[in-house]
Participant: 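To start, I am sharing the structure in question, which I have written as C-alpha cells.
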There are 2 protein chains.
Amino acid sequence: MARQVSPALRPHRVTAADVARKAGVSRSAVSRAFTEGAYLDKDKRAHILQVAAELGYRPNALAAGLQGRGRSNLVAIMTGDLVNHYDGEILARMIRQLTAIGKWSFVLSAGGEMPEADVTGVLGFPLDAMILRGGSVPDDVVAHCAKLKIPLIVSGRILEGPGIDSVCCDNARGAAMAVQGLIAKGRRRIAYLGGQADLTSDRERRKGFLDAVRAAGLEPAAQVDGDYSFEGGFAAARALLSSHPEIDGLFCANDAMALGAQAVATGELGRSVPENLSIIGFDDIAMARWPMIALSTIRNDMDMTVTQIMRLLTARLKDPEAPSQTIRTAPEFIARGTH
Amino acid sequence: MARQVSPALRPHRVTAADVARKAGVSRSAVSRAFTEGAYLDKDKRAHILQVAAELGYRPNALAAGLQGRGRSNLVAIMTGDLVNHYDGEILARMIRQLTAIGKWSFVLSAGGEMPEADVTGVLGFPLDAMILRGGSVPDDVVAHCAKLKIPLIVSGRILEGPGIDSVCCDNARGAAMAVQGLIAKGRRRIAYLGGQADLTSDRERRKGFLDAVRAAGLEPAAQVDGDYSFEGGFAAARALLSSHPEIDGLFCANDAMALGAQAVATGELGRSVPENLSIIGFDDIAMARWPMIALSTIRNDMDMTVTQIMRLLTARLKDPEAPSQTIRTAPEFIARGTH
DNA sequence: AAAAACTATGCACACGTGTTCATATAGGCG
DNA sequence: CGCCTATATGAACACGTGTGCATAGTTTTT
C-alpha cells in the first residue's frame with residue numbers, strides 16, 4: 001500500500017493518465033475521447049468514457065485553458081453593488097447568456113470602490129473578455145485591458161478606445177421622454193434628482209432633462225445629486241422638496257431614488273403622488289410594476305441590453321481587430337401611477 | 001521581422017521568459033520576484049518588477065493554479081434567480097468576502113432549473129470549494145462534488161454528507177416568533193403562505209408555524225403555496241383571502257411574497273394592513289425597511305450567514321477531513337408597520 | 001581559522017492537457 | 001499487385017508557471 005507523501009493537500013484529482021492506465025489505452029486516446037471529431041475507434045471511445053465516468057474523471061479546465069490554441073472561455077464581469085436592483089437583475093441575465101455559450105463568469109462586485117488589487121488580480125487569468133457593468137470603474141482597468149489586449153465590453157456608459165465596445169441606453173432621449181410626460185400632465189415646476197454627478201449616465205440624463213425643459217420654454221426648478229440608492233434619493237428629495245415646496249414634477253435618474261423620493265414626499269412631507277407631485281424614474285426595475293408601487297418610469301430594457309452585449313462579445317471574439325462599436329438602445333416611456 | 005504563424009488568435013500574452021530575457025536574468029528569478037519571501041536580491045527584484053510593469057506582464061493564473069502545490073483559489077457559487085432580492089444581496093456580500101481572502105468566484109445563476117451540463121462543466125476546474133446558495137439544486141451536484149472531493153458549503157438548507165457543511169437560519173424558531181407576534185396583536189385566524197413545498201426552508205417554516213399555532217391552542221386557518229416571488233405571493237394571497245375572508249393574520253415564508261400579499265390585500269381586496277389584516281414576512285430584505293413598505297418580518301441575518309459561510313469554508317480548507325458542521329443562525333423579530 | 005548558517009541563483013522537473021507528427025492498418029480502385 | 005486515401009494510434013512537444021535540488025557566495029558563530 002503506497003504511502004502518500006503529501007497528506008491530501010489536494011486529494012489527487014483523477015487524471016487522464018489514470019483513466020488511460022485503467023482502460024488499457026494511451027493517454028492520447030483518453031484526450032481524444034473527449035474531443036469532438038477526433039479520430040478514435042467508436043467502441044474504444046465508449047469504453048474510455050465509461051471508465052472515465054466510473055473514476056469520476058473530467059478534463060482539467062486549467063490545463064486545457066493553458067493551451068495556446070483556442071480560447072480560455074473565461075469572462076470577468078465587474079458590476080456595482082448588487083443591492084442596486086437593476087444591476088442584480090441584469091447580472092443574472094448576463095450570466096445565464098454567457099453560460100449558454102460556454103463561457104464561465106468571474107464576478108467582481110464592489111460596494112462603492114473596487115480595490116485595484118482585485119482588478120489586476122483577475123487579469124492574471126487569460127480572459128476572453130471583460131465586461132464592465134455600471135458606472136464607477138477605476139480608470140486603470142481600461143489601461144490594463146488595453147495592454148493585455150483583452151476585449152472590453154462596457155454597458156451603462158460609453159467608453160472610447162481600441163478593442164472597446166459599448167452599449168448604453170439613449171439617456172438623453174429617455175430623459176426628454178420623462179420631461180414630456182411631466183409636462184403633458186400640466187407640470188411646470190420640474191426638478192431633477194440626479195445620481196453621482198461624475199457618472200456618464202447621470203451627465204447624459206441631466207443634459208437631456210435640461211434641454212427638454214428649455215425646449216418647452218421652461219426653466220428647471222432645481223437640480224440636486226443623489227447616489228442612485230433608495231436612501232440617497234430619500235435624503236436628497238427631503239432637502240429638495242423642503243427648500244423648494246413649489247416643485248410639482250420630479251424626474252429621478254433611476255428608479256431606486258424615485259422610490260426614495262416618493263417615500264419621503266408622501267410620508268414625512270405630506271405630499272400626495274400624483275395629485276400634487278409627479279414622479280418619474282428611470283430603468284423600470286421589476287418592482288416598479290408592482291401594483292403598490294406602480295412607478296411611472298423610463299424603461300432601460302435589460303433583455304435588449306444583454307442581447308447587444310452578447311452580440312458585441314461574439315463579434316469581438318471573432319475579430320479582435322475590428323473597429324469599435326457603440327450601440328444605443330432605445331428607451332421607452334412606461335406610464336403608471338406616479339405622474 | 002518575424003512572421004506570425006497564427007494571426008493573433010490569442011495575441012501572445014507576455015510570459016515570464018520574455019521578462020527574463022529583457023531584464024537579463026533567469027526565468028526562475030522572474031518567478032521569484034513575484035513570490036513573497038523567496039530568496040532574491042533586493043535590487044534585482046526591483047529591476048525585474050519594473051521591467052515586468054513596462055511589458056505589462058503578470059503571472060498566468062492558469063499555469064500557477066495547475067501546480068499541485070497549494071490551492072487553485074477558485075470557488076463556484078450556485079445561486080437562485082437574482083431577481084430574488086435576498087439572493088442578490090447575499091451574493092454581493094459573499095463575493096466581496098471571498099475576494100478579500102484571495103478567492104475568485106465563478107457564479108452560476110439559475111432562473112428555476114440549472115442544466116446539468118453547467119454543473120459538470122464548472123467542475124472541470126479544480127475548485128477549492130463550491131457554495132450552494134438557496135434551495136433548488138440538482139441532486140447530482142452533491143454526488144459529483146463528493147466524487148471529486150470538492151468541499152461543499154450549503155446555505156439556506158441543511159445537507160448531510162462527508163465534506164459538506166451547512167449554515168441555515170433556525171427557520172422553525174423564526175416562524176414561531178412570527179406566530180407569537182401575530183397572536184400578541186390579537187390575531188386568532190392565522191394562515192400560512194408558503195414557498196415551494198419541496199424546499200427545506202419551506203418545510204421548516206411551515207412546521208414551525210403549525211407547532212406554534214397549536215401550542216397557542218389555535219388551529220391554522222389555512223395553508224397555501226407560493227413560489228417565493230412577489231407575483232406568486234400576490235396570486236396565492238388573492239385566492240387565499242378570497243376563499244377565507246375571515247383570516248386576520250398572515251405569515252409569509254419570505255418577504256417578496258409578503259409584499260405581494262400586501263399589494264393584493266390592500267389593493268384589489270380592499271383590506272387594510274395592519275388594521276384588519278396583519279402580515280409578517282421572512283428574511284428582512286433591504287426594501288422591508290423602506291418607510292413606504294415598513295414590513296414586519298423575521299430577520300434572516302445576511303452578514304451573520306456570510307460570516308459563518310466564510311468560517312466554514314476556511315476551516316474546511318484547513319482540514320478537508322474534519323467532521324461536517326451545521327450552523328443554525330438565530331432569527332430575530334423585526335416589528336414594523338404591517339402587523 | 002574553521003565551521004556553520006544564511007543568501008542568491010540557475011537548471012530541471014512537475015502540473016495535465018490538446019495536438020502535431022510519424023507510423024501503421026484497412027479499404028477502394030486501377 | 002501497386003497506389004492512394006481514410007482511419008487509428010502512440011510518442012513527443014508545447015502551454016507557463018512554481019519549486020526542489022545543487023552549487024556558489026557571503027555573513028555569522030564557535
Side-chain angles (χ1 to χ4, degrees), chain A residues 5-6 9-48 52 55-74 121 123-127 148, chain B residues 5-6 9-48 52 55-74 121 123-127 148:
Chain A
V5 179
S6 168
L9 239 185
R10 190 188 290 173
H12 179 59
R13 206 179 148 93
V14 177
T15 175
D18 298 330
V19 177
R21 205 171 309 125
K22 173 145 184 190
V25 299
S26 76
R27 197 187 58 70
S28 302
V30 176
S31 178
R32 277 190 258 264
F34 285 86
T35 307
E36 199 89 13
Y39 286 135
L40 186 61
D41 184 75
K42 206 180 150 211
D43 296 342
K44 198 171 199 173
R45 162 171 279 147
H47 177 54
I48 292 175
L55 263 50
Y57 165 79
R58 71 198 66 229
N60 187 328
L62 252 49
L66 195 53
Q67 226 80 347
R69 172 87 42 205
R71 322 223 69 96
S72 69
N73 287 331
L74 296 175
L123 288 175
F125 294 91
L127 303 174
L148 293 172
Chain B
V5 179
S6 168
L9 240 186
R10 192 188 288 173
H12 179 60
R13 209 180 145 94
V14 177
T15 176
D18 298 330
V19 177
R21 205 171 310 124
K22 171 146 183 189
V25 299
S26 76
R27 198 189 55 73
S28 302
V30 176
S31 178
R32 277 190 255 265
F34 284 87
T35 307
E36 199 90 14
Y39 285 136
L40 186 63
D41 183 74
K42 204 178 149 212
D43 295 343
K44 199 173 199 171
R45 161 171 280 148
H47 177 54
I48 293 175
L55 263 52
Y57 166 79
R58 71 199 67 230
N60 186 328
L62 253 48
L66 195 53
Q67 226 78 349
R69 172 86 44 205
R71 323 221 70 95
S72 70
N73 288 329
L74 296 176
L123 288 175
F125 294 91
L127 303 174
L148 293 171

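The shown structure was predicted, so the numbers you read here are calculated from the model rather than taken from an experiment. All heavy atoms count here, side chains included; hydrogens, waters and symmetry mates do not. Residue numbers start from 1 in every chain, and the chains themselves are labelled A, B, ... in the order their sequence lines are given, proteins ahead of strands.
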Participant: When the distance from NE2 of B:His47 to P of C:dA8 is rounded to whole Å, what number comes out?
Facilitator: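 B:His47 atom NE2 is separated from C:dA8 atom P by 17 Å.
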Participant: Taking only side-chain N and O atoms of B:Lys44, does any of them lie within less than 4.0 angstrom of OP1 or OP2 on C:dT9?
Facilitator: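 The answer is yes; a side-chain N or O of B:Lys44 sits under 4.0 Å from OP1 or OP2.
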Participant: Measuring from A:Ser31:OG to A:Ile48:CD1, what's the distance to the nearest 0.5 Å?
Facilitator: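 Going from OG on A:Ser31 over to CD1 on A:Ile48, the span is 10.0 Å.
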Participant: Return the value, rounded to whole Å, for the distance between atom CG of B:Leu66 and atom P of D:dT19.
Facilitator: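 Spelled out: CG on B:Leu66 to P on D:dT19 is 13 Å.
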Participant: So, the side chain of A:Thr15 versus the backbone of A:Asp18: is there a donor-acceptor pair under 3.5 Å, distance only?
Facilitator: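 Not at all, since once roles are kept as given, no pair shorter than 3.5 Å links the two residues.
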Participant: Take atom CG of A:Leu40 and atom C1' of C:dT19, then tell me their distance rounded to the nearest Å.
Facilitator: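 Going from CG in A:Leu40 over to C1' in C:dT19 covers 14 Å.
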Participant: Quickly work out the A:Asn60 CG to D:dT17 P distance and round it to whole Å.
Facilitator: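 Rounding to the nearest Å, CG of A:Asn60 and P of D:dT17 are 17 Å apart.
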Participant: Rounded to the nearest 0.5 Å, what separation is found between the CG atom of A:Leu62 and the CD atom of B:Gln67?
Facilitator: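 Result: 11.0 Å between the selected atoms.
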Participant: Among C:dC15, D:dT17, D:dC15, find the nucleotide with the atom closest to the side chain of B:Tyr57.
Facilitator: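 So the nucleotide nearest the side chain must be D:dT17.
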Participant: Taking all heavy atoms of A:Tyr57 and all of A:Val14, pick out the closest pair and write down the distance.
Facilitator: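 Here A:Tyr57 and A:Val14 meet closest at CD1-O, 3.4 Å.
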Participant: Whole angstrom is fine here: how far is it from CD in B:Gln67 over to C1' in C:dA12?
Facilitator: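 Atom-to-atom, B:Gln67 to C:dA12, this comes out as 13 Å.
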Participant: Give a yes/no answer on whether the side chain of B:Tyr39 brings an N or O atom under 4.0 Å of OP1 or OP2 in D:dT23.
Facilitator: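 False: B:Tyr39 side-chain N/O out of range (4.0 Å or more) of D:dT23 OP1/OP2.
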Participant: C:dG16 C1' sits how many Å from A:Arg21 CZ, rounded?
Facilitator: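 One finds 13 Å between C1' of C:dG16 and CZ of A:Arg21, rounded.
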Participant: Please report the distance, rounded to the nearest Å, between CZ in A:Phe125 and C1' in D:dG16.
Facilitator: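 After rounding, the reported distance stands at 14 Å.
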Participant: Checking all strands, does A:Leu62 fall into the base, sugar-phosphate, or nothing category for heavy-atom contacts under 4.0 angstrom?
Facilitator: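 No contact.
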Participant: Can you tell me which nucleotide in D:dG18, C:dT9, C:dG18 comes closest to the side chain of A:Ala64?
Facilitator: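 Of the options given, the side chain of A:Ala64 lies nearest C:dG18.
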Participant: Return the 5'-most residue of the pair A:Thr15, B:Ala38 with respect to DNA chain C, ranking by each residue's nearest nucleotide.
Facilitator: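 The 5'-side residue here is B:Ala38.
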Participant: Going by heavy atoms closer than 4.0 Å, what residues in residues 26-35 of chain A are next to DNA chain C?
Facilitator: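 DNA chain C contact set from residues 26-35 of chain A: A:Arg27, A:Ser28, A:Ser31, A:Arg32, A:Thr35.
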Participant: Output yes when a side-chain donor or acceptor of A:Arg45 lies under 3.5 Å from a complementary backbone atom of A:Arg32, and no otherwise.
Facilitator: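 Checking the backbone N and O of A:Arg32 against the side chain of A:Arg45, a donor-acceptor pair under 3.5 Å is found.
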Participant: Grab the CG-P distance between B:Asp41 and C:dG10 for me, whole Å please.
Facilitator: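 So the two atoms are 11 Å apart, to the nearest Å.
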Participant: Under the side-chain contact (heavy atoms from CB on, under 4.5 Å) criterion, do B:Asn60 and A:Leu66 qualify, and how do the steps go?
Facilitator: CA-CA 9 Å; B:Asn60 186 328; A:Leu66 195 53; 4.1 Å; yes
Participant: Considering only heavy atoms from C-beta outward, does the side chain of B:Phe125 approach that of A:Leu74 to under 4.5 Å?
Facilitator: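 A side-chain contact under 4.5 Å exists here.
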